[in-house]
Structures are given as structure tokens and as C-alpha cells.
Amino acid sequence: MSAPVKAEARSRPAPSRPAGHPRPRRHLFDTKISPYAYISPFFLLFFAFGLFPLAYTAWVSLYDWNLLSSEQTFVGLDNYTELLADEYFWNAAFNTLSIGVLSAVPQLLFALWLAHLLNRPLRAQTFFRVTLLLPNVTSVVAVVVIFSQLFGREFGLINMVLEAFGLGRIDWQAGTATSHAAIATMIMWRWTGYNALIYLAAMQAVPRELYEAATLDGASTFRQLVSITIPMIRPTIIFTVIVSTIGSMQVIAEPMLFGAQVSAGAMATGGADRQFQTLALYLYEQGFRSFEFGYASAAAWVMFLLVVIVVGINFLLVRRMRGSLDS
Amino acid sequence: MGRSRSRLLVPLVSAAMLMVAACGGGGGAGSGGQGAAPGEKIKLTVGLFGDFGFGPLYEEFKKTHPNIEIEERQAAFADHHTNLAARLATGAGAADVEAIEVGYISSFTAQPDKFVNLRDYGAGEREKDYLDWKWKQGLAKDGSTIVGLGTDVGGLAMCYRRDLFEKAGLPSDRDEVSQLWPTWEKYIEVGKKFTEKAPDGAKFFDGPGEIFRAMIGQAPVGVYDENDNIVVATNPHVKQAWDLSVQMIQAGLSAKIGAFTPEWNTGFAKGSFATVVCPAWMTAYIQDQAKNAAGKWDIAAIPGGAGNSGGSHLTVPKQGKHHKEAAELVMFLTSPENQAKVFKSTGNFPSIPALYDQPDIQDFKKEFFNNAPVGKIFSDAARNLKPQHLGPKEGDVRTAIGNGLTRVEQGKQSPDEAWQQVLKDVEKIR
């Protein structure tokens, strides 16, 4: 089909500038400057709202800077040394990791399985695909408020069901494991479909012939998933792992609103015992409850470093994940 | 080399200009504020947490100030104060009139340079109207700047469910109930009796948080001393309030529901608890949440004597553009007759003692609370108040203690362990 078009294009004489004439000024403007104008909006916004706050945060983190007093004293790295010895900070780091693993791992596995199921001829395909994305477009506040009520101790639906089956009520907010499980459930509900759609898009690009050959060889669909699909979409898997790692390091709305169900005070501390306070919530508590801006800024930078480290480790782990097609 | 530099320069310079523009916005606003030119149309914003019942008053104010339009912004309690602190620090975004609750007032009166001195607009002569301690709460440390004028006080009472008391075989008349519990120790005894015969699913009180607040509010010294030192560890009143709260938890009187949570709201509607600490402003809240229980609620005296919980001040941040008009609005909203009007419409109790003897306040009753004479109850409560100094991080300190009580309640720590952790947490608050 494309051959005649190509031939025609080749036969046309290449456009050339008349010899001896200087390049017109407007043309120069177009090639040299316009591209920068086209890409500038992102970079301008990034400098103003990304880079500048980042640098400013680093500056603030070197001060004893309380929002309620007009004096700021330079303290050097004191905020950092204090932070690294702060057990509540490390408690928050642990909670963040725990909630992150509890939500990301099942979420990605489940998304993979969902995408695999949808990656075959189905009636009303678009309907299913749109439905997958629906949880993600719901407001996070609405999601958490509803889930928190489901997980309520006194009047929560989940506890009612548990009781109906003769099991005891669970005080979801009180325990470390139970609260992490509840929060991870909210995160999974919101993001599983989103990841499934990304996987589905990648799966569509896997050559059909591989599956046909595998079917002829008598491979089960599960075997095909493990031996063909997963190795073929590995770059996509790496992408989703990194994105959801970054996302889970920043979780704040879920634990915050979940804590608001216990008491107004537990909102910023993530439960009475800080059992589900994440790093971002800890930062919020320091910065916007106690108004210790310097300390909160230091926490933000350490958190940034932790995110980089965790993402790096994850990237290395996932890259080592080898499929049979590679070997 | 030279060309590549100029290529970089264009976006960098534009970015720098954008930043300057973004940061410069706040600086200019602080310098204004000499009032509007005659006849000029202006808009005043009023920042509140929840409904203060000011709506009809705005209309009245506009009659004498036809050029002023008033816009009210409401935020959640904690968000409101957080936002205000951030806006004062960044120098932009505060409303012309901002409300501040007593739990936060001393952290804001500590920076009087951020607020208009209401003395400059004639607020000084209002001093004689106010309860002395309420007046002092709104002043800067040295007393020269009037940062905020008081709107209301939260004299304490105890709201209770008549029907649940009857079912548990207790008296339900409000005077008899008041006599049941002159002290918190007696309150615990009543609670134990109630629990023996209580209908299914009903506990004696909601949770220890508000009761602890009330007990601290009754003490002459709370979590801070006069010099803004945190005295949680050394003040016997705090430890006593803690121990009593722990006793109540261990006696199984608590429904283990935190105040102002969705479960609490449901608890009101379902009658999950029989008593709740009830400052004047709480009556409006209960009425709102327990619509199905009209007439079943009543109001008795609080155990342990008078105390304060809550109440607010109105301030004028300096960064606003219309200081004169904003100050006039504050004077108007906090005037004695308007405080009386607000009380009758919403329940926020006036901070003007002269009003307490007036017949329209004394005789004011609320049908929802079985026609309890709320005017009389709360004026007695307010008159007998012992003033208490509140410190700059009152909220943080109380959160730390409240979390400790919750840990005991959830069975995560023994009372001793929880108390030790409270002391450790409180020590960190700077």
C-alpha cells in the first residue's frame, strides 16, 4: 500500500533555498527561538512552582522558623540532627513503607490479572475499560470518608458483617496492622483499575503470534501470562512500580481522614499512638499544626531522599526480574 | 558559547520575573488600610469556623453602611486557624475580619504587629462591658494592643438524655440530676448506677476527651502557667483530671467515641451516650445532630463547679485593605445587643455580664432541651467562672493528652505508660 506513495515522494525534487540569498530573518526566528517559546510554559511553571519551592525549602530547613513568631534564627543542620533522632519520624517512615508494600504489591498483581482477563475479545469492552478507571476519578476525600465509615467501629458496615458471621468487631483504627490494612484497601480501590488500564495498553502491543504458538504448544493461559505477557511488558511494569512507589511514599489524605474518625486531635498524629501516621502526615503535623516550618522543611528534604532511595532499590529489584523470553 | 547563553537567558529571565510577580503579591497589601473614600463600594470578608449566626446582623450593618458588601467564608475549626497562621506569615490571603477561638488566641496575640490595634478605632471604651478575663484574653502581652474583641464564652453545663436516665432508674428532673453530681467522683458513681440498668447500646458519656477539657477548664491553672510555661507534669489539677478520666474509662462508662467525629454525630442521633459536656455553643450542635430526639435532651449543672470551654474573638488582620470599616464591623458584631441576639438564635453565650440579668436572657428557654432555661443556666455558669490563662500551644498540649487517654481506652497502654508518654510528648512542644 505504501510503496507508490514513497516512490512519489522520492521523485519530487527536494526543496532548496535559492543560492546566494541570505536566510530570511523570520525563518531564523522560527527555527532558533520559537521552539523555546513553545516549551517554555512547562519550564516557567516548573521553575516557579517546582524548583523555587524546593530551593526555598532547603533554605528554610536551616532555620528555627516558627510561623507564629516573627524571628527566625539560623541553626545550620540542627533540624536534621534532631530529625534523625526523632523516633516519631522513623515511626512514620516505617508506617509509610508498610502501607506502601501492603497497597502496592497486591494492587499491581491484581491489576495485572485484571488486564490479562480483559485482554481478550469481550462484549462491551469499552464499558469494562471505562469502569476500571471510575474509582480513580472519584474524589479521594469522598473515597476515604466512605471507606472510613465502612471501617467504623460502632456503626461500620464491615463490622456489622463480621458480627453477622459470629466474628467479633474489629477496632480498625486502634491496631497498627488493622489500620494499615484499612488504609491500603482504600489506596488499592483507587489505583488498581488505573494500573490495569496501563497494563492492558501494553498487552495490546504484544504480538498475537506468540500466543498462537504457545496455544499450539499446549500452554495454559496462566503459563502464557507468566512466560509471554509479563516479560513482554516489563518496561511498563517497571514504570508502574516506580509511579506507585512514589505515590505510596506521599500518602496523606487517607490516614488523615481516617484519623479524623477517631478524634479531631488524632487527625494530624495518625491515631492516638501514631500507628498510621505516614511521612507526609508527619510533615503536615510539624508544619501546619505546630507551625514549625524549619523542622518540617528538614523533614521534607529527608523524605525526598528516602523516596529517591526506595525508588532506586525498587527499580533495581524489578529490573532483575527476568522472564523466559530474555534467556 | 555566547549564543547558547542567550538562548538560556530568555526563559530564565521570564521565570525570574514570574517568581517576582508571584512573591510580590503579598507585600503591597499590608501597606493599605486607611479606609475607603466616601461613597466608594467596598467588600469586607469575614473568616469564621462554622456558623456564628451573624447572617441577620450583616443585613443590619449594611443599613448604616450602604457601600459595604459582606462576604462570609467558613472553614472547619482546625483548618481555619491553620490557614490564618499561614496567611499572616505569608502576608496575604487573610479575611478583613477573622475569628479566633480561645484555644488559639494567645498564639495570635503574641504577634500584635500582624493585627490592627482595635484601640485606635475606639474599642478601648468597651472594656467595661466585658468579663474581665475575657477582655484580657484578647490583648497583646503588654496590654497596649487590643487584638480581638470577644464574641462569646463557653460557660459549662451538662446535657443529658432524660429518657435514658428514666430507663436506668435515675431521676430525670434537671434540678435533681444536678444534685446527683456535685463532684466528678459523684458523677462516676451515677455513671456506674446508670450502666447497671442502662438500655442496650447506651453508655454514660461519649468519650473522655471533652470531659477532660471540662475538668481542666474548671481548674484555676490549666496546662500553662501565667508565664506561658507548660506545667502538665507539675500541676496537680492536670494529673487529677487525668486520673478521674482513667477511672471513668476503667468503670466502662465511655462509649469510646471521639468528639466531632462522624461516629459522634451518629451517636447523638442513635442515643449512644446519655450525657455530654455542654458549653453554651454545644446546644446548637446537639440540636442539629439529634433532630429526632427533640424534648428528650435536658441540661443540668456540670459536676465540679463552673468552668469555661471555648468562646471566640474577632480580629482585624493588618494585611486587609479596609481597617476602619472592618473595625466598625467588629465593634458592631460584638456589641452587647448583638451578642444577645446571636445567643437567642444560635446559643453562643454573650461575654457581656450586664446582659446576664436582663429578663429576655434570664427567661430564655429552649424547647428542644425540654424547655430548659438555657439563659439562666449559662449566665450562672459564666458568672461563676474562674478565669484561666491559656498558653500559645494549648491545642497541641491537649491533643497529646487526649491521645494518651485514647490509648488507654483502646487498651494499647496501661494508664501509667500512657501518662509517661504524654509527659514525653508534651516536653517536645516548643
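Side chains are part of it too, since the values below use all heavy atoms of this structure and drop only hydrogens, waters and symmetry mates. Letters go in sequence order (proteins before strands), and every chain restarts at 1.
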Minimum heavy-atom distance between A/G271 and B/N403, given as atom pair plus value: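 For A/G271 and B/N403, the tightest heavy-atom pair comes out as O-ND2, 4.2 Å.
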
Where is the tightest heavy-atom contact between B/P262 and A/A260, given as atom of each residue plus distance?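 So the two residues come closest at CD-O, 4.1 Å.
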
Report, by ascending residue number, the residues of residues 160-171 of chain A in heavy-atom contact with chain B at a distance under 4.5 Å; give 'none' if the set is empty.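 Contacts with chain B: A/D171.
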
Answer with side chain, backbone, both or neither: which region of [X] has an atom nearer than 4.5 Å to a non-hydrogen atom of chain A?
{"X": "B/I429", "value": "neither"}
{"X": "B/Q111", "value": "side chain"}
{"X": "B/A110", "value": "neither"}
{"X": "B/F108", "value": "side chain"}
{"X": "B/E409", "value": "neither"}
{"X": "B/A255", "value": "backbone"}

From [X] [atom1] over to [Y] [atom2], what is the distance, rounded to the nearest 0.5 angstrom?
{"X": "B/T90", "Y": "A/L67", "atom1": "OG1", "atom2": "CG", "answer": "8.0 Å"}
{"X": "A/R289", "Y": "B/T399", "atom1": "CZ", "atom2": "OG1", "answer": "8.0 Å"}
{"X": "B/D396", "Y": "A/F291", "atom1": "CG", "atom2": "CZ", "answer": "8.5 Å"}

Take a 6.0 Å sphere around OH of A/Y38 and say whether it holds more than 12 heavy atoms from other residues, nucleotides or ligands.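 No, because the 6.0 Å sphere around OH of A/Y38 holds 12 heavy atoms or fewer from other groups.
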
Please check if the number of heavy atoms outside B/F49 that lie under 6.0 Å from its CZ is greater than 12.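 Correct, the count exceeds 12.
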
Against chain B, label A/E71 side chain, backbone, both or neither, depending on which of its atoms sit under 4.5 Å from a heavy atom there.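 Neither part.
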
Taking side chain as everything from C-beta outward and backbone as N, CA, C, O, which of these in A/T269 sits under 4.5 Å from a heavy atom of chain B? Side chain, backbone, both or neither.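 Only the side chain of A/T269 comes within 4.5 Å of chain B.
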
Quick one: list whatever passes salt bridge (charged side-chain N to carboxylate O under 4.0 Å, His left out) with A/E87, sequence neighbours left out.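 Listed in chain order: B/K424.
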
Mind checking salt bridge (charged side-chain N to carboxylate O under 4.0 Å, His left out) for A/E285 and listing every partner two or more places apart, or none if nothing turns up?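 Result, salt bridge (charged side-chain N to carboxylate O under 4.0 Å, His left out) vs A/E285: A/R274.
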
If we only count heavy atoms from C-beta on, is the A/R153 to B/Q410 side-chain gap below 4.5 Å?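 A/R153 does not reach B/Q410 side chain to side chain.
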
Min side-chain heavy-atom separation A/F155-B/S272 under 4.5 Å: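 With C-beta onward as the side chain, the pair touches.
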
Does A/D86 have any side-chain contact (heavy atoms from CB on, under 4.5 Å) partners at least two apart in sequence or in another chain, and if so, which?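 Here the qualifying residues are A/Y88, A/F89, A/Y282, A/Y295, B/K428.
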
Flag the one option from A/E292, A/Q149, A/M267 with the top tally of heavy-atom pairs under 4.5 Å to chain B.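 Top option by heavy-atom pairs under 4.5 Å: A/E292.
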
